[in-house]
Amino acid sequence: MHATIHGERTLTDLDFARLSKLLGRELPPSLADLLAIAEVTSSRAVPPNVVTMYSRVELVDLHTARRQTLTVCYPGDAEAAAGFISVLSPVGSSLLGLKVGDIAKWLTPNGDSCAAEVAAILFQPEAAGDYQR
């Protein structure tokens with residue numbers, strides 16, 4: 001189960017630093033790849049249409065048109081039933097750094113391919129003035 005890195009990705013400097021500290025853990029290859037290729041920008045300069053850590057996003061499944069709201073979070077805050085998805089999960093790492101309108105792609109644990117459009121960012125900490133989240 002993994003996410004595939006497609007297209008340009010943007011991370012805030014704070015997200016990049018915190019995720020880099022996780023490198024001592026067993027990171028999914030897709031997240032390690034993301035850290036290696038992402039454009040890093042200031043938390044104050046990140047556009048409001050970019051998925052950052054603790055962004056709440058609305059996704060539309062490309063196969064079923066089902067809408068779902070998820071928040072990308074660190075592993076300790078993950079609670080799938082409440083929509084808090086760890087950045088270490090295939091879905092979480094596939095979303096981080098995408099923009100509204102981009103397509104997230106990942107594989108499920110049983111190998112099924114999934115894809116969803118980032119339809120909206122309902123909350124982004126940086127857009128709300130929270131640069132420490």
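Atoms considered below: every heavy atom in the structure, side chains included; atoms not considered: hydrogens, waters and symmetry mates.
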Side chains of [X] and [Y] only: does a donor on one sit below 3.5 Å from an acceptor on the other?
X	Y	result
D13	T41	no
Y54	D130	no
S55	T52	yes

Polar side-chain atom of [X] near backbone of [Y] as donor-acceptor pair, under 3.5 Å:
X	Y	value
D102	K99	yes
Q124	A127	yes
R66	V60	no

Spatial distance of atom [atom1] ([X]) from atom [atom2] ([Y]) [nearest 0.5 Å]:
X	Y	atom1	atom2	value
Y74	M53	OH	CE	4.5 Å
Q68	I85	CD	CD1	7.0 Å
E117	L59	CD	CG	9.5 Å
E126	D15	CD	CG	6.0 Å

Those residues that, when tested against [X], pass side-chain contact (heavy atoms from CB on, under 4.5 Å) (two or more places apart):
X	value
S113	L107
L122	R56, E58, T69, A120
A104	S94, L95, L98, W106

Q) Can you list the steps and then say if V87 with L31 is a side chain to side chain contact (heavy atoms under 4.5 Å, CB included)? A) CA-CA 8 Å; V87 69; L31 187 55; 4.3 Å; yes
Closest heavy-atom pair, C114 versus T108, reported as atoms and distance to 0.1 Å, is SG-CG2, 3.4 Å
